[in-house]
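Worksheet for the structure shown next.
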Amino acid sequence: MRRILSELRSKHPLVHCITNYVTANDCANLLLAAGAVPVMADAPEETAEIAARAQALVLNLGTLSESRLQAMRLAGAAANRNGIPVVLDPVGVWASQFRQSAARALLREIEFAAIRGNAQEMQSVLEIASGAPCEPERFDPGELAALARTKVICTGAEDLVTDGGKTFRITSGDPIQKRITGAGCMLSALTGAFLAAENSVESCAAAVCAMGLAGELAASRMDTPDGNASCRNFLIDAVYNMTDEQLEEGKRLEDLT
């Protein structure tokens, strides 16, 4: 983790995001702040071609449509053929049959380097992948990681990152991040960039630590007139100015392995 930001910025990876239209601009700006190059193409006519040229692909179910789902399937297949890491963000996957069927198709057809979501979303993904119900209190991110052969990032009051072998608990962040639309989407995009630098569970943990630290730094800059919109800008600025040394010193990470 010690040199991950320098590695990312030296590579300037192209990160292809098929994401939701609510947060696409913020995801693009956060990727630029981290040193990556964003492309937000979602037309089925071109997504496979663009994904094949990228260094990471991020698929986000936030504003799903049949056209966007087709674009994801084509892009994911092209990324897999070319050895490009793919991140799935199953936004609100529990909310509708359409989202669940989409996630089922993507999990069946695409090999994911990482899946990132909150506990409710990840529990639903486990149920989709296993075909069996799972009680919330019995949800185990490691079980999903092993079943889907991927790295799992389960975010909440505490964040868990695991590949089924190594597991990290991360306690970075600030509660105001919950008031920023798309903070999770931005983390998924950042995860794609970190995986482009190094495809490992440690890179996923580093992305979570960086986002949490950025949230803390953003909150510390807020003054009386500032609100969640200012915090969003401060957060992106914090990523832009973050150094390897700052990340190493500021991370709150515990290895549970």
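These numbers come from the heavy atoms of this one structure, side chains and all, not from hydrogens, waters or symmetry mates. Along the sequence shown, residues carry numbers from 1.
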Stepwise side-chain hydrogen bond (donor to acceptor under 3.5 Å, both in side chains) check, Ser172 with Arg252: CA-CA 6 Å; Ser172 307; Arg252 294 208 296 273; 4.9 Å; no
- request: Dump the intermediate steps for side-chain hydrogen bond (donor to acceptor under 3.5 Å, both in side chains) on Arg3 and Ser6, then the final yes or no.
  value: CA-CA 5 Å; Arg3 304 302 300 171; Ser6 294; 3.1 Å; yes
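Residue-environment remark: CZ (Arg149) stays at or below the threshold of 12 foreign heavy atoms within 6.0 Å.
Side-chain contact between Ser124 and Pro90 is absent, with no heavy atoms from C-beta onward closer than 4.5 Å. Ile18 places none of its side-chain heavy atoms less than 4.5 Å from the side chain of Val58.
Looking at Gln100, its side chain does come within 3.5 Å of a backbone N or O of Trp94 through a donor-acceptor pair. Panel note: side chain His12, backbone Gly35; a donor-acceptor pair is recorded below 3.5 Å. In terms of modelled atom types and a separation under 3.5 Å, the side chain of Gln55 and the main chain of Ala196 share no donor-acceptor contact. Side-chain atoms of His16 come within 3.5 Å of backbone N or O of Ala41 as a donor-acceptor pair.
In this structure, the separation between OG1 on Thr162 and CZ on Phe168 is 9.0 Å, given to the nearest 0.5 Å.
In plain terms, the two heavy atoms of Thr23 and Thr19 that are nearest each other are OG1-OG1, 4.0 Å. Smallest separation of non-hydrogen atoms from Ser188 and Arg116: OG-NE, 2.7 Å. The two residues Met211 and Gln177 make their nearest non-hydrogen contact at O-NE2, 3.3 Å.
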